[in-house]
Amino acid sequence: MKVESWLPFEHLRGWRPCRRGRWRTLKSQLLAASLTCTLLLVYACTQDFLYDPTHISLLWRNPTQPKQVTVLIWYEPFGKRRRLGDCHILFNITGCHLTTNRTLYQEADAVLFHHRDIGEFGDFPVATRSASQKWIWMNFESPSHSPWMTTLGDVFNWTMSYRVDSDIFVPYGYLFSKKSAKIVLPRKRKLVAWVISNWNEDHERVQYYNQLREYIDIDIYGRYGMDLRHDNIVKTVSEYKFYLAFENSLHTDYITEKLWRNAFKSSAVPIVMGPSRYNYEIFIPRNSFIHIDDFSSPRKLAMYLRFLDKNTHMYRRYFTWKKRYDVHVTSFWDEHYCTACETVKASGDEHRTISDLAGWYES
Ligand SMILES: *[C@@H]1O[C@H](CO)[C@@H](O)[C@H](O)[C@H]1NC(C)=O
Ligand SMILES: *[C@@H]1O[C@H](CO)[C@@H](O)[C@H](O)[C@H]1NC(C)=O
Ligand SMILES: *[C@@H]1O[C@H](CO)[C@@H](O)[C@H](O)[C@H]1NC(C)=O
């Protein structure tokens with residue numbers, strides 16, 4: 001937000017500090033200007049301009065969309081076979097033929113390559129690709145968990161990931177507008193929960209947890225803690241006021257189901273560790289979460305959590321967003337495939353190649 005551009009700096013030109021009369025007019029002008037600025041700031045600060053992921057992000061579009069496109073899924077993600085869903089039934093997207101049958105390579109309009117399965121040496125189609133076929137790089141792991149990226153320059157035409165600036169942006173979840181409604185919170189008798197399956201003492205999140213628990217009780221679930229109620233994260237976390245939505249690594253836009261499902265779906269206030277607060281605020285309202293960077297130490301964060309625990313009114317303010325929004329948690333993988341298909345259908349025949357894949361993803 002560029003505050004400077006609102007200030008009428010022209011008024012200051014030619015100003016002499018010793019001339020009283022000028023000072024008086026300047027003072028009233030400054031007062032008026034600062035009032036205007038305050039009003040504008042208050043307005044800007046009470047509005048959340050969230051990124052809307054439900055629109056197709058392509059800059060170029062094909063006005064005459066093909067009736068049917070074939071999207072070939074070259075690798076089944078993580079080597080696991082799944083039944084492919086029907087995009088029409090699931091998402092009202094017509095004309096999608098999804099297939100994993102590699103013999104259909106020549107006629108495929110687009111080919112999806114899941115990053116982890118490409119492997120170090122890549123097992124790409126050998127036949128030459130047709131001029132209009134799009135090779136789409138698909139990845140939802142963070143750069144820290146995406147090896148051999150540097151070998152993949154000049155291979156793909158499009159990217160598909162959790163990053164906003166992907167050609168096909170599919171976030172782990174998002175808020176969507178709903179009609180105004182009363183906020184009903186589940187009964188909360190417990191304080192802080194954390195579900196973790198990959199415990200690593202070297203991870204920043206574990207180190208932060210080790211400090212935080214000195215000052216406040218935190219219940220741990222998952223492989224290293226208690227069992228989830230009915231094997232259900234949302235049911236279990238719903239009993240808690242706060243949830244540690246700590247990402248396994250810190251990268252631009254890398255905000256996973258730990259926020260969308262574990263915290264938001266459970267109506268627990270997320271305490272986030274991930275990209276900057278500024279980055280989170282592109283996707284969620286600023287008063288819907290607590291960022292660990294908001295506090296100079298884990299001790300101060302713990303004090304604040306205890307304060308909120310005693311102040312129901314202040315605590316409930318974290319759920320103002322529920323008046324306007326609902327949470328969508330993206331389901332792997334049908335939603336990804338169908339979004340890819342929808343984008344291929346909408347696209348024109350513009351050619352492009354991703355030359356510095358690693359440089360972009362790590363930025
Ligand atoms: C499905 O899509 C069609 C055309 O895009 C639209 O007219 C229709 O309202 C949609 N149906 C639902 C249930 O959203
Ligand atoms: C793949 O497609 C080819 C050509 O349409 C077909 O002959 C073959 O039976 C298919 N394979 C599978 C496993 O469906
Ligand atoms: C895809 O990338 C390849 C390799 O750089 C390029 O030859 C081809 O023209 C591109 N196709 C499209 C549709 O962008």
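Counting starts at 1 for both ligands and their atoms, in listed order. All residue numbers in this chain count up from 1 along the given sequence.
- With hydrogens left out, the protein atom closest to atom 8 (C) of ligand 2 is Asn101 ND2, 3.7 Å, a heavy atom.
- Nearest non-hydrogen protein atom to atom 4 (C) of ligand 2 is Thr103 OG1, 3.8 Å.
- Note on ring orientation: taking the six-membered ring where Trp is involved, the planes of Trp135 and Phe156 are tilted (angle from 30° to 60°).
- In this structure, atom 11 (N) of ligand 3 is in close contact with the protein, since a protein heavy atom lies within 4.0 Å of it.
- Atom 6 (C) of ligand 3 has as its closest protein heavy atom Thr353 OG1, 3.9 Å.
- Under 4.0 angstrom from ligand 3, the non-hydrogen atoms of Arg352 all belong to its backbone.
- For atom 5 (O) of ligand 2, the closest non-hydrogen atom of the protein is Leu104 CD2, 3.8 Å.
- Pairing of Cys96 with Cys87 by a disulfide is not supported, the SG atoms lying 2.5 Å or further apart.
- Contact check on Glu239 versus Arg189 returns a salt bridge, with a Lys/Arg side-chain nitrogen under 4.0 Å from an Asp/Glu carboxylate oxygen.
- Here the protein heavy atom with the shortest distance to atom 3 (C) of ligand 3 is Asn157 ND2, 3.6 Å.
- With a 6.0 Å cutoff to the six-membered ring centre and a 45° limit on the axis angle, Arg277 counts as a cation-pi contact of Phe289.
- Distance alone, capped at 3.5 Å, places no donor-acceptor pair between the Thr100 side chain and the Ile73 backbone.
- By the neighbour-count criterion of 12 heavy atoms within 6.0 Å, atom CZ of Arg317 is sparsely surrounded, having that number or fewer from other residues, nucleotides or ligands.
- The shortest contact between atom 9 (O) of ligand 3 and any protein heavy atom is with His351 ND1, 3.0 Å.
- From the protein, the heavy atom lying nearest to atom 1 (C) of ligand 1 is Asn92 ND2, 1.5 Å.
- Between Ser130, Ser347, Ala131, Ser355, it is Ala131 that holds the heavy atom closest to atom 13 (C) of ligand 3.
- With salt bridges taken as basic N to acidic carboxylate O contacts below 4.0 Å, none links Lys134 and Asp167.
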